[in-house]
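Single-structure report; data block below.
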Amino acid sequence: MKRFPYSVPDPERWRTWIAITVVVKALMLLLMLHIGAIGTGEAGVLGVWWSDAPTYFDPIDSLLRGGDYLPDLRLPGYGAVYLLVRLFTEPPLTYDVIVVLQFLVAAVSMYVLPRIVYRITGSRKLFLATLLLYVASISVHWYDGVILTESFCASAMIFFIDRWENWYRTGSKAALFTAGLWLTWAIFLKPVIAPVPAFALAALWLARAHRGAFVRNALVFSLSLIVIDGAWILRNAMRYGEFSPVARMLYTGADAPTPELRAVEFVIVFGGDCTWWTDPQAEIRFFNTGKDQLPGRTNASSIVLPDRIMTSVYNMDTLQATADEILALKEPTVTEEERDARNKAINARFERWTQAFIDEHPFQYQVLSRLLALRRYVLQTGNPIAYDLTFREMPLHYKALKLFHMGLHWTTMLGGCLGGWIWFRRGNARPLALLPALIVPFGILIFPFALRLSEHRYMVPFIPVMLLCLVVGWHARSTPTA
């Protein structure tokens, strides 16, 4: 009788393992439908509609009507999938098909991630450990049912690293090209990933003695990005006369700003939280900009803004007056003409306040705001949206799950950082380790430091790489230094 773990199927038997992960994903889908985590009725039978979804789909619908790719607020990475499905279906069935595709692609990537670990370490135990850890990572899997880019992007990052490992192990130029193709799709899903090719080029340079000429490998890897993003750059140059390699605007709606957007810009410069839909005490809710904040139904009075943000241009009274005005404009009796005129005045007010804060509090703007965003980003508890009750309101089994996912979140994030460093320092394949070891801290720092944003979902595409570094780093700790 075979001893564990050799009694389980060979990790290289991909048909068997993908069948297993498809069953796991199907059970997850049924469970999430049963508890109401997905299938809210807003996006077909299965999906959860996200307010950003139209910004991906509207330009595709415009193309199908014979128009241009407009409004072009997003790169067409997610829209391309929508287009393929939309050619054969009509909404809301289109959304259900997209959700099914997200679950199926995620099922494949659920197997591919532990297989990468197996191919690097040769350990079946670590293959199974990685698989179980990833199965438990609800922070990723909940987004399989959401009409948003996170699910596909997490899978694309896994496939990218898989082909990267295959190239390093075998020298296959096809694998290297395919790695670049998967990364290109990930960038077109989430443009914030655009700096990652620079990490890959650094790893290619480090690998030149082991895997041949740097320039040739760099061209093979970058070819898909050069061609596809080059076409996007050319399109933007012809239409707008500007160089736009990724999204043209940081915020959706920046071409027609509302007080809600201007309030977000003001709140993030002093390090406040703009996720009104996850945190009832987020600073942005002080201004009554949450969609659930309506006349007679708002918690804005419970939110206290810090005195440190005051300037010579505004004070607490003027901030409060604007918050009251925004709430009053939600009254159904307000005419569109009046609302538009007052919104313009509010926008101008927020713009003055934002600039005043930047001018009068440069340290808070340049340093403190980023540190506060980083603190929120890392001090999360594992997908706050997946649990729609406060901890006090949760039944006992929900509390246990919540505590488990809090621990898993911290283990994944901190273990990924430490493991990536150990893997690079003590592993016997530093060029292979360098890329994921750089991606992990990048995924933690880029949103809080570059954009001052801290929404939980932004970490999702990087969680598989964190798990990879965690497990391989654990294995490499006992490996002699290369």
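We're numbering straight along the sequence, starting at 1.
Between the side chains of Gln320 and Asp324, at least one donor-acceptor pair of N or O atoms lies under 3.5 Å. For the 3.5 Å distance criterion, the side chains of Gln293 and Thr298 qualify, holding a donor opposite an acceptor. Side-chain contact of Glu360 with Ser312: a donor-acceptor pair under 3.5 Å is present, judged by distance alone. Between the side chains of Glu331 and Thr333, no donor N or O sits under 3.5 Å from an acceptor N or O.
For Phe462 and Tyr458, the distance between ring centers is not under 6.0 angstrom. Aromatic ring centroids of Tyr56 and Tyr82 lie 6.0 Å or more apart. Aromatic rings of Phe188 and Trp185 (six-membered ring for Trp) have centroids beyond the 6.0 Å cut-off, not under it.
Pairs passing the salt bridge (Lys or Arg N to Asp or Glu O under 4.0 Å) check and including a residue from residues 462-472, sequence neighbours excluded, do not occur.
The closest side-chain heavy-atom distance from Arg86 to Pro91 is below 4.5 Å. Residues Thr149 and Tyr143 are not in side-chain contact: their nearest non-hydrogen atoms beyond the backbone lie 4.5 Å or more apart. Using a 4.5 Å heavy-atom cutoff, the side chains of Leu131 and Val117 are not in contact. Inter-residue side-chain proximity for Val105 and Ser151 is flagged as unmet; no heavy-atom pair is nearer than 4.5 Å. Counting heavy atoms from C-beta on, the side chains of Ile147 and Glu42 never come closer than 4.5 Å. Counting heavy atoms from C-beta on, the side chains of Ile284 and Asp273 never come closer than 4.5 Å. Looking at Pro59 and Asp72, their side chains never come closer than 4.5 Å, going by heavy atoms from C-beta outward. The shortest side-chain heavy-atom distance between Cys153 and Ile193 falls under the 4.5 Å cut-off.
Counting heavy-atom neighbours within 6.0 Å of Asp340 CG, excluding the residue itself, gives a total above 12. Atom CH2 of Trp49 is surrounded by more than 12 heavy atoms from other residues, nucleotides or ligands within 6.0 Å. Heavy-atom contacts from other residues, nucleotides or ligands closer than 6.0 Å to CZ of Arg297 number 12 or fewer.
Annotation: the span from Ile268 atom CD1 to Tyr365 atom OH amounts to 8.0 Å, rounded to 0.5 Å. Summarising the geometry, atom CG belonging to Leu467 is positioned 7.0 Å from atom CG belonging to Leu408; distances are rounded to the nearest 0.5 Å. Of the inter-residue distances, the one linking Phe357 atom CZ with Met310 atom CE reads 10.0 Å to the nearest 0.5 angstrom. Atom CG in Leu432 sits 4.5 Å away from atom CH2 in Trp423 (nearest 0.5 Å). Taken to the nearest 0.5 Å, the OG1 atom of Thr322 stands 12.5 Å off from the CG atom of Leu327. One finds the CZ atom of Arg376 at 14.5 Å from the NE2 atom of His456 (value rounded to the nearest 0.5 Å).
In this structure, the side chain of Arg477 does not engage the main chain of Gly473 through any donor-acceptor pair within 3.5 Å. Not a single donor-acceptor pair under 3.5 Å links the side chain of Ser222 to the backbone N or O of Leu225. A donor-acceptor pair under 3.5 Å is absent between the side-chain atoms of Glu265 and the main chain of Glu351, judged by distance alone. Formation of a donor-acceptor pair under 3.5 Å by the His409 side chain with backbone atoms of Val378 is found in this model. No donor-acceptor distance shorter than 3.5 angstrom exists from the side chain of Ser155 to the backbone of Ser109, with no hydrogens or angles considered. With Asn236 contributing its side chain and Ser244 its backbone, the two residues share a donor-acceptor pair below 3.5 Å. In this structure, Arg262 contributes its side chain and Asn343 its backbone to no donor-acceptor pair below 3.5 Å. Remark: side-chain polar atoms of Trp232 are paired, donor with acceptor, to backbone N or O of Val246 under 3.5 angstrom.
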*Intermediate values then yes/no, side chain to side chain contact (heavy atoms under 4.5 Å, CB included), Leu181 and Arg163*: CA-CA 10 Å; Leu181 190 60; Arg163 293 297 84 196; over 6 Å; no
*Could you walk me through whether Leu468 and Ile161 pass the side chain to side chain contact (heavy atoms under 4.5 Å, CB included) check?*
CA-CA 10 Å; Leu468 174 67; Ile161 297 293; 3.6 Å; yes
_Set out, in order, the CA-CA distance, both residues' side-chain angles and the distance that settles side chain to side chain contact (heavy atoms under 4.5 Å, CB included) for Arg352 and Thr311, then state yes or no._
CA-CA 11 Å; Arg352 289 195 305 273; Thr311 71; over 6 Å; no
_I'd like to know whether Ile309 forms a side chain to side chain contact (heavy atoms under 4.5 Å, CB included) with His361, so could you lay out the CA-CA distance, the side-chain angles of the two residues, the decisive distance to 0.1 Å, and finally the verdict._
CA-CA 8 Å; Ile309 73 170; His361 300 293; 5.9 Å; no
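The two atoms that bring Ala106 and Lys25 nearest to each other are CB-CE, 3.6 Å, heavy atoms only. The two residues Arg425 and Arg430 have their closest heavy-atom pair at O-NH2, 3.0 Å. Listed here is the closest heavy atom pair of Ile346 and Pro259: CG2-CB, 3.8 Å. When all heavy atoms are compared, the tightest approach of Pro431 to Trp164 is O-NE1, 4.1 Å. Across Asn288 and Ile326, no two heavy atoms sit closer than the pair O-CG2, 3.8 Å. Pairing each heavy atom of Ala328 with each of Val334, the nearest pair is O-CG2, 3.6 Å.
With respect to the salt-bridge test (charged N to carboxylate O, under 4.0 angstrom), the residues Arg235 and Asp68 do not qualify.
Relative to the ring axis of Phe57, Arg74 does not place its NZ or CZ within 45° and under 6.0 Å from the centre.
The salt bridge (charged side-chain N to carboxylate O under 4.0 Å, His left out) search around Glu337 returns none, not counting sequence neighbours.
Partner Thr412 forms a side chain to side chain contact (heavy atoms under 4.5 Å, CB included) with one of Ile463, Val440, Leu133, Val140 and no other, that one being Ile463.
By the 30° and 60° cut-offs, the orientation of the rings of Phe266 relative to Tyr314 is perpendicular.
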